[in-house]
There are 4 protein chains.
Amino acid sequence: MVVVMSPDATPEQIEAVVSRVRTTGGEAFVSRGVQRTIIGLVGDVDHFRALNLRSLPGVADVIAISTPYKLVSLDHQPVRSTVVVGTGTGARPVMIGPDTFTLIAGPCAVESLEQTLEAAEMAKAAGATMLRGGAFKPRAAPRDFQGLGKVGLHILAEVREVTGLPVVTEVIDPGDVDLVTGYADMLQVGARNMQNTALLQAVGRAGKPVLLKRGIQATVDEWLMAAEYVAQRGNLDIVLCERGIRTFETATATTLDIAAVPVVQRLSHLPVIVDPSHSAGRRDLVLPLSRAAIAVGADGILVDVHPDPEAALCDGPQSLAGADVRELASTLRRLIPASGRRLGDPSPVGL
Amino acid sequence: MVVVMSPDATPEQIEAVVSRVRTTGGEAFVSRGVQRTIIGLVGDVDHFRALNLRSLPGVADVIAISTPYKLVSLDHQPVRSTVVVGTGTGARPVMIGPDTFTLIAGPCAVESLEQTLEAAEMAKAAGATMLRGGAFKPRAAPRDFQGLGKVGLHILAEVREVTGLPVVTEVIDPGDVDLVTGYADMLQVGARNMQNTALLQAVGRAGKPVLLKRGIQATVDEWLMAAEYVAQRGNLDIVLCERGIRTFETATATTLDIAAVPVVQRLSHLPVIVDPSHSAGRRDLVLPLSRAAIAVGADGILVDVHPDPEAALCDGPQSLAGADVRELASTLRRLIPASGRRLGDPSPVGL
Amino acid sequence: MVVVMSPDATPEQIEAVVSRVRTTGGEAFVSRGVQRTIIGLVGDVDHFRALNLRSLPGVADVIAISTPYKLVSLDHQPVRSTVVVGTGTGARPVMIGPDTFTLIAGPCAVESLEQTLEAAEMAKAAGATMLRGGAFKPRAAPRDFQGLGKVGLHILAEVREVTGLPVVTEVIDPGDVDLVTGYADMLQVGARNMQNTALLQAVGRAGKPVLLKRGIQATVDEWLMAAEYVAQRGNLDIVLCERGIRTFETATATTLDIAAVPVVQRLSHLPVIVDPSHSAGRRDLVLPLSRAAIAVGADGILVDVHPDPEAALCDGPQSLAGADVRELASTLRRLIPASGRRLGDPSPVGL
Amino acid sequence: MVVVMSPDATPEQIEAVVSRVRTTGGEAFVSRGVQRTIIGLVGDVDHFRALNLRSLPGVADVIAISTPYKLVSLDHQPVRSTVVVGTGTGARPVMIGPDTFTLIAGPCAVESLEQTLEAAEMAKAAGATMLRGGAFKPRAAPRDFQGLGKVGLHILAEVREVTGLPVVTEVIDPGDVDLVTGYADMLQVGARNMQNTALLQAVGRAGKPVLLKRGIQATVDEWLMAAEYVAQRGNLDIVLCERGIRTFETATATTLDIAAVPVVQRLSHLPVIVDPSHSAGRRDLVLPLSRAAIAVGADGILVDVHPDPEAALCDGPQSLAGADVRELASTLRRLIPASGRRLGDPSPVGL
C-alpha cells in the first residue's frame, strides 16, 4: 500500500501514519517530495486495511498495490486450474481447464421434461458435454416466469440420466443450497447475486463445483473477491463466467468484456468461460461472440439453446435453434483446433 | 407495447403476431409504413410479456410502453405515501413522507455499545429521528470486517431504549430476516442485494417497513421492480434510497444520481431518500450533497456519523464527526424550511 | 509519482528505474516489500511523464499522485476566481464567481430575431443576467437543424443591444473563432468538443471568457486538463459547466453529476455552473435540478427557455416556458439567499 | 416513429399530433389502449424529427424506429463495401473489405525518420499492408508530446516511398485537412473528435478515404451518424474502427466492445476494423484481442508497433516489439485462413 499525504500535511501527521503502521508489525518508508510526501507500506495488507489510514488527518489517499484476494490468485497457485464436474452422479465427468474448450448448453429455463430433453439433445449434437438449465430464475420483473423450482431440479436429473451430461443450475437462496446440491453437478451463482455474500459462503460449503458469473456492475477485482468468498469456505472448484457488463450501449443487452478473459488469466488460476447468449441478448450475435471467445482464449462457453425459441418462457430471443445450432457445431470443430485446444472433454476413464 | 417488424417482414409474419396477441384477449393495431410495419398492442402487459413476441420471425424489436411494476406506481396510488417507522418497540415513531424531511444517522457498522450510543447521541444532536447501524455488513473484500451479527442487533435495541430512536439495519440473508425483524424497526436491503429476489420476498413478508437501496448498476425501472417484489408480498411500507450508481468517474465512490429523486417521484408514490455518505465515499462531500438532496425534494437523508472516524472498522473516511455534525445540524435548520418541509418528525401523539 | 514493480522484478530492473529518474534531476525512493518493491518519485512530474516508465521491464504500474494541470488548479491559485463577462460590447457586465449565483438563459438555438428577443425577455424576467443561444449547433444527427451560423450571431448581437444582456454562444470550428469572437461576450466549447484540442487552443487565444462544458464521457481530471489547454494560451477567464455524464440510466438524457461541483471546487479555482436543461433533457426536471445546483454550491445555472417550445427547432422538450419560467424566478429568489449568495450580478458601475 | 401519449392525454391532444404529422404528408395510425394511446407514424423520418412532437401537450415519449443515417446504412446499400486505400501516391494500394483481413500497423506517434522506418519494417514483417503513424496527436494532458506536425507528415511520405505502404494519419483541425490530404493516403478521425462535426465535414470533402474511430462515449448509432456526416459530403470511402468504450472497469484503458463489429455489420455496409492497442492500453492484451477481432469477423486491425517501446514518446506501454510482433505474424497466418479470409491485400495489378 501507498499512503499519499496532503500537500499541507504536518510532520506530526506523517509520523502518526508511520507509528500506526508499525503497531501492526509493518514497515513504512517515507518519500518526502517538494509538493507531497508519500509513504510506502510493507507488511500484511489485511492488517493495513483494518488500520483505516484514510481517516487519519493529513492523509489524501491510500492506494492499494496488492489485491485483496489470495486463494484464487495466480500468486497463490501459479498453475492454471482444471475443474472436474460431474463425479458421483452417474454423469460423464467433464474437465474445464486450460487444455480443453467446453461447450455448456441448454435451455435458459427448464419448462418441461420434453423441452429440456430436446434441448439437451440439441446441445449434445452441437458438441456440448454439459447441460445448463434454470430451475430457479431470478427475474427483474416480478411477474415474469420465475422457474419450476424443485420440479425443475427433478427434470434436470432425469435428463442427466438419459444423456449422461452433467448439470449446472442456478441457486438464488442460501436456504436452497442443500436442495440444489442434491440434484446438480455444479452450482451457478448468477450475475445478480455475485455480491450476495450469504449465498457465496453457502455454495462455498456445499462440496460441489461453482460457476460464478460476473455481476454486470462488477470490476474484475470485485469478481475475484467474490470468488475468494467461495474459496475461503474450502472450495476452489470455481469456474468464472464473463457475461457482459452494463454500459451506455443499448444495441446489446450488456457489453461483453472480451478482454476480461485474458485479464483474469493474468490474475487468477481459475478457469474462465464466456456466455455469449446473455451478454448480447440477441440470437444473431451468439455465433460471432462464440468465435471471439474461442479465439481470445476462454476455457469454454455457455450457450442457450431451445427446441422452440418462440415458445420459450424465458430469454427466447437469444436462444439458438435448428440451423444455428448446426452452425455452432461446425464453428467449434473448425476454430477450436486452430486455437490449440480440443473440443468437449469427456474426461479419461477412471476419473 | 409496440412491436416493430423488420423491413423484410412478410404479411404472414405480421399476421402471426396479430394472431398471437389475440389469443390473450389483447388487441393489435397494425400501422403499415413504407419501410416498416409497426403493431401497437392493447391489453394486459403481463400477458404480452409472456408471449415472447421478440422471438417470432420478422420481429425486429418489441418496445415496452408501460412499466412492469404496478403496486408501487403512481398510477396505482396517485397520492404520495408516508411510511411510519418505529411502532410497537418503545421507540418514538417517525413518519417518512412528503411533508417532512427525515435525518437518519448513525455508524456504518455497530462496533460496540459505547460507540453506537455515542454515535446515536451525535445523530440526535444533528436532528436525526432515526438511527442507522449495520450488524451484518456485506463487504466486497472477504477479509474486511463483516459486522457483529446478533450481538450488533442487541446493541441497536439497547441504544433504541436509551435514545428513543427507531432503528434501521441491514439484512443480507433471507434466513436472518426473522432474527433481524425481532430487533429492528425497519429492514434495510442493501445496494448489493437489490436484485436478490429471495431476500426481497422474505422482507416483503416480514411485517416491518423496508428501506430499499438502489443497486449501483440498477436503472430506476429495475429499482421499482425490486420494490414491486416486496410489495407483492403485501408490504407497501417501502422507502427507496438513492445511493449512487457506478460510472467511469473515479473522483467519487459512485455518482449520486440526484435526478433519480424527481424521476422516481413522477413514477411511484413511495418516499425516496438520499445517502450522501456512501454515494461519494468522501466526508468532505457529505454536506454539499445533503444540501442538494434537500433542495431537489428528497424525503430524507441517511448519513454516517462516528464518534471516532479514525478508529472506525468500516467506512471511516466518509463518516461525519465533531464540527461536521454541527454544521449538518445548522444546514438542516436553515434549508429545510426554505424547501417547505419540517425537519425531523416525531409523529403526533396517539399514533 | 509512484512506480510499482512486478513481484518478480530484478534488482537491476529496480536500479534502471532509479537511474532513469535521476537523469531528469528527480529523486527516487525505494521501498522494498516482501512481495513487491515500490519507488516514490520526487521532482518534475512533466519530466517523469515523458520518461515512459511504464514501458521499462519489471514495472507493473505507474501511479500519478499529482495532477497534470497546473494553471487551473487550486494549488496554483488558492483563491476562487471571478470571471467578468460582457465588457466592451455595450452589454451590462456580469461577474461569475463565489459571491453570486448567475442565471444564464435563452433559447437552445437562435431561430429568428423575434424568437430570440422574446426568449431573452423571458430569461430576464426570470432573473437572468446573461443570454445563451446557439448559432452553430453540433448535432448528432446530420439532418437535424445545424443553426443559422453568422445570421444567428447578428441576431444575438441585436438582442444584446436591446436587452443589455451579455451573450454566450458556442463555437465548433477553430476556423470560426475569430468570427464568433467578433460578436459574442463569451465563447462556449460544447460537450462534444471538450477534447477538441485545436478548438481549445483557438479559444484560448481569442481574448474572451470561455464557457467549457464537461464532455459526457470525461472525468473531472480530463475536464480540468481541457481547461488547462485554454489556460496555457494565456486565458484564465474560464467557467466550467457540468452538464451530465453518460451512464446506463435512460430515464434522463445524461446523469447530472451533482457531486462534480464540490469536487471541482476542491481542485480548481475556476467557477463552476450547472446545465439542468441538457443534463436531463426533460423540462419537468429543470426546476428540481436547478434547486439542487444552487444548494450544492454552484456559481450559476444555464437554462434553456423558449417562447414556444412546441415550435422549437432544437431541444424543445427541455425548454422552459410560461409558468415554469415564473416558478424558476420565484425559486431563485427564495433559495439563493438561503445559500448565502445574491442572485444575478450586474457588476458595480465603473467596471 | 411511434408517439406514446400520456395516460391522461385528451382526444384533442391526440388529434393535434395527428394533424401535425399530416402537415408533412405523413400518415398517423392511432392505437387506443386502456391506459395509453400510441400513434404510429409513416412517412419521412427527417420531417418527423423536425416536428418536435415530444414538445406537444400530452405526449409522453417519441420512439424512433428507423435510424437517422441513410447513406451508410445496409438498407441503402445492401452489399458490404470495399474501400481502396493508396492510389495515386506511389504506394501499393490496399483493399479493406469483406474478403480480406488488413493489418495496419506502425508507431503511435511519428518521432523520427529512423524510428518510423524501423517501425514500418516491423509492421511489414508482421504482415501489415498499411502504415499508421501520428503526426498530430490529440492528448488529454496539455504538456504531453503533441506530435511533430508537418515534419511528421514528411517523414510518413518518405517511409511510404521506401516501403510502398499506404499511410493513414490523424487530422485534428479542420484547417489542417488540406495539408494532411497532401501527404496521407487515408485520413483518420480520432475517438476524441468523432462528434467534431466541422472536422467530419472537412474530411468528407477531402477526396481521400477516411478511418473513423468510435468515440469512447458513443453508441453504435451515434458512430454511424458521424459516418453519415462524412458521407453527406460525397465521401463513402469510410472504414469504421472500434477502439473501446468507457466503462467502470479499470483493468483496461477502455472496454473493447467486440460485439460492436457484428452489430455494425448488420446495420451498415461500411468495413469495420478493431484497434486492440488503444482499447486495452496494455501490450499483453494486444494478441488475445487481435485474435478475437479476427474471429468475430472484423475486416482488419490497427496495431501499435515501436522499435523501442521504452523510449516511445507516446503510448509505449501498449506498443508491440520484437517477439510480440513475430507472434502476431504467426497468429495472423494461422487464424485468418480459418476465418475464411486472406491476409494482407495487395490489390490486383491495374487498380
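D:Gln146 CD to C:Thr197 OG1: the interatomic distance, rounded to the nearest 0.5 Å, is 6.5 Å. With rounding to the nearest 0.5 Å, the separation of CZ in D:Arg192 from CD in C:Gln217 is 9.0 Å.
Between C:Ser55 and D:His306, the closest side-chain pair of non-hydrogen atoms is not below 4.5 Å. Contact check for D:Ile172 versus C:Asn196: no side-chain heavy atoms found under the 4.5 Å cut-off.
With a 4.5 angstrom heavy-atom cutoff, D:Arg139 touches chain C via backbone and side-chain atoms both. Of the two parts of C:Leu53, neither the backbone nor the side chain holds a non-hydrogen atom closer than 4.5 Å to a non-hydrogen atom of chain D. Of the two parts of C:Asn193, only the side chain, counted from C-beta on, holds a non-hydrogen atom closer than 4.5 Å to a non-hydrogen atom of chain D. Contacts between D:Leu199 and chain C at a heavy-atom distance below 4.5 Å are absent for every atom of the residue.
Remark: D:Arg246 engages C:Glu222 in a salt bridge, criterion side-chain N to carboxylate O under 4.0 Å.
C:Arg243 pairs by the side-chain contact (heavy atoms from CB on, under 4.5 Å) definition with C:Ala191, C:Lys213, C:Ile216, C:Thr254, C:Asp275, C:His278, not counting sequence neighbours. Residues that satisfy the side-chain contact (heavy atoms from CB on, under 4.5 Å) test with C:Ser112, not counting sequence neighbours, are C:Glu114, C:Gln115. Residues satisfying the side chain to side chain donor-acceptor pair (under 3.5 Å) criterion with D:Asp61, sequence neighbours excluded, are D:Arg54.
Residues of residues 224-232 of chain D having a heavy atom under 4.5 Å from any heavy atom of chain C, listed by number: D:Met225, D:Glu228, D:Tyr229, D:Gln232.
In terms of heavy-atom pairs under 4.5 Å with chain C, the best-connected choice from D:Arg283, D:Met194, D:Arg20, D:Gln195 is D:Gln195. In terms of non-hydrogen atom pairs under 4.5 Å with chain D, the most contact-rich of C:Pro174, C:Pro138, C:Gly175 is C:Pro174. In terms of heavy-atom pairs under 4.5 Å with chain D, the best-connected choice from C:Ser319, C:Ala141, C:Gly190 is C:Ala141.
Within 6.0 Å of atom NZ in D:Lys150, 12 or fewer heavy atoms from other residues, nucleotides or ligands are found, so the atom counts as exposed in its surroundings.
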